[in-house]
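What follows is a single structure, written as structure tokens, with notes after it.
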Amino acid sequence: MFLKLVKTLWKPLLVLSGFIIAAIFNRSILGSLGRETVAIYQAVMPYAIGMGLWASAAWLLDNIIRLLVWEPLGRRVKVPKLVQDIVSIIVYSSAITGIVGSVFGKSVGAFLTAGGAIGIVVGLALRNLIVDLFIGIALNFERPFEIGQFVKMTNGPSGQVTEINWRTTRIVDSSGDMIIVPNNRIGDAVITNFSRPEPASALEVVVCLDAAVPPSRALRVLNAAALAQCGTHRCLDKPEPYAQVRAITNHGVEYGVVYYIDSNKAGPAWSRHLILVSVLEQLHQAGIGIAVPKQDVFHSPMPQRIFDTRTNEDRVTLLSRVELFAGLTADERQHLSNVMQERLFKSGTPLIKEGDAGESMFILFEGLLDVFASTPDSAEPIRVARLKVGTFFGEMSMLTGEPRSATVKAACDSVVFEISRQHMATLIEQRPQIATTLTESIAQRRAAAAAARSNATRAPFDDQRNFVQQTVGRILKFFGINNTKA
Ligand code: CMP
């Protein structure tokens, strides 16, 4: 110890002794000097010796404190370097104050006031540095983390703290690099200290497996994976690691593998790596893969985008969209599509003329038609209806044998299919219900046409019903069909 004292203190002691000797022999030295040198010596030397005395005394005191206070204390508790630095600053600042007061004979109060003013200016210029300093002091007193502990900072690094000084905190991350974080950044950050309150810190890795893997099997494999790594210096075997189901997602089932590390000895990054490697190995051995994003794909026939009315198949499909024939069987539709005739009418061309004899009816497949009926009140026929695709017309004359009740003209280029009375008769014989549907439509259309002609409202519902009942019977008779099925 004595040897160490001498070894550490001999330099400041020597310098201090030098200045003390200079102070004692100050006058006798004077005698041995020339006149001019004496003048300079007299002006400068007392200050130099005085300053030297204070400075070397401060140097000696700083070394004594380090040797007798910090080093013995440091063997029991880790004394932050910042505290040591602050004590040194106080020692040297006292020496400067002493120089101002005793060497230069100035008022210490005025010096401190001036120092305060200068301090404000310097403080403004160095405010970041000063914030660092104060947060550094707060960190030392509050001790949210200590040297050797593992921490994680929001928007900052994670790793092991190696030093907290008056301006920065140094952290060594998982890749072994040192990260120097200014203390003011730590003041804003949310810090996770893995070593507090207990050194055993629980960590979790999440693995997503396919929903088809039975949970009991998945948990068995994942438990084994965690256990395989525990008991090493990275992961603790007590508390025991475990696996649990965390969530069910679109991708599969999320399992969490929870394990513990001694945060004073190991960081989270490397232990996570070890556990994940172990999990992958165990899953590989068990033949279980990690879940991947997936979608069910199945084939369905392409929808037909364009129908060709020249093909029988497409005509059958188009017929099924006509409400009148919706109830027909596939064979009946097939037969009808074979016998009906396609006709194209240019815009403005009449398809049916009022008063003509009617031997067929029509279905409008493409285009638009206008129905005109003559009226006693006007020289020109008036439009009583507009027919859209999928509707039938010409049924009145065909079913009753009466002349056409109206003129039907193409409002634009239109495609219709014509069905002769003979073919309709065959169909009605098989499905007398069609006669009823057609007759109902006749009743409505007649009423609508009459209303349009006289600008009156439609015929009452009861009148229409009577008309239908009477007319259906007549129609079936006209076609020579037994009416019991209708
Ligand atoms: P038909 O009388 O054979 O010939 C003219 C066609 O015009 C007629 O059959 C009906 O199909 C149709 N028709 C007559 N009046 C109307 C109406 N008010 N609404 C819809 N279509 C009509």
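Note that ligands are numbered from 1 as they come in the structure, with each ligand's atoms numbered from 1 the same way. Source: prediction; values computed, not measured.
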Ligand 1 contacted by Gly358 (non-hydrogen, < 4.0 Å): no

Any N/O pair Gly394/ligand 1 closer than 3.5 Å: yes

Under 3.5 Å donor-acceptor, Ser88 side chain and Gln84 backbone: yes

Proximity flag Thr391 to ligand 1, non-hydrogen atoms under 4.0 Å: no

Ligand 1 atoms in contact with Ser397 (distance to a heavy atom under 4.0 Å): 1 (P), 2 (O), 3 (O)

Ligand-side contact atoms (ligand 1) for residue partner Ser405, heavy atom cut-off under 4.0 Å: 1 (P), 2 (O), 4 (O), 5 (C), 8 (C), 14 (C)

Numbering as shown, the atoms of ligand 1 that approach Ala385 to under 4.0 Å (heavy-atom distance): 17 (C), 19 (N), 20 (C)

Which segment of Leu387 sits under 4.0 Å of ligand 1 when only heavy atoms are counted: side chain

Which segment of Val408 sits under 4.0 Å of ligand 1 when only heavy atoms are counted: side chain

Residue pair Glu354, Ser374: steps toward the side-chain hydrogen bond (donor to acceptor under 3.5 Å, both in side chains) verdict: CA-CA 8 Å; Glu354 191 175 344; Ser374 45; 2.7 Å; yes

Closest protein heavy atom (residue, atom, distance) for atom 16 (C) of ligand 1: Arg445 CB, 3.7 Å

Side-chain donor-acceptor contact under 3.5 Å, Asn183 with Thr169: yes

Side chain proximity check, Thr168 to Arg170, heavy atoms < 4.5 angstrom: yes

Pair Arg196 + Glu146: basic N to acidic O under 4.0 Å: yes

Lys152 to Phe194, cation-pi by 6.0 Å centre distance and 45° axis angle: no

Ring centroid separation Phe365 to Phe417 under 6.0 Å: yes

Side chain to side chain, Lys388 and Leu364, heavy atoms closer than 4.5 Å: no

Charged tip of Arg445 within 45° of Phe392 ring normal and under 6.0 Å: yes

Residue and atom name of the nearest protein heavy atom (relative to atom 10 (C) of ligand 1), distance in Å to one decimal: Glu395 OE1, 3.7 Å

Which residue and heavy atom of the protein sit nearest atom 4 (O) of ligand 1, plus the separation: Arg404 CD, 3.3 Å

Numbered atoms and elements of ligand 1 in range of Phe393, under 4.0 angstrom, heavy atoms: 11 (O)

Nearest neighbour in protein (non-hydrogen) for atom 13 (N) of ligand 1: Val371 CG1, 3.7 Å

Atoms of ligand 1 close to Ala449 [distance to a heavy atom under 4.0 angstrom, numbered from 1]: 18 (N)

For atom 5 (C) of ligand 1, closest protein heavy-atom neighbour: Ala406 O, 3.5 Å

pair Met361-Met424: side-chain heavy atoms closer than 4.5 Å: yes

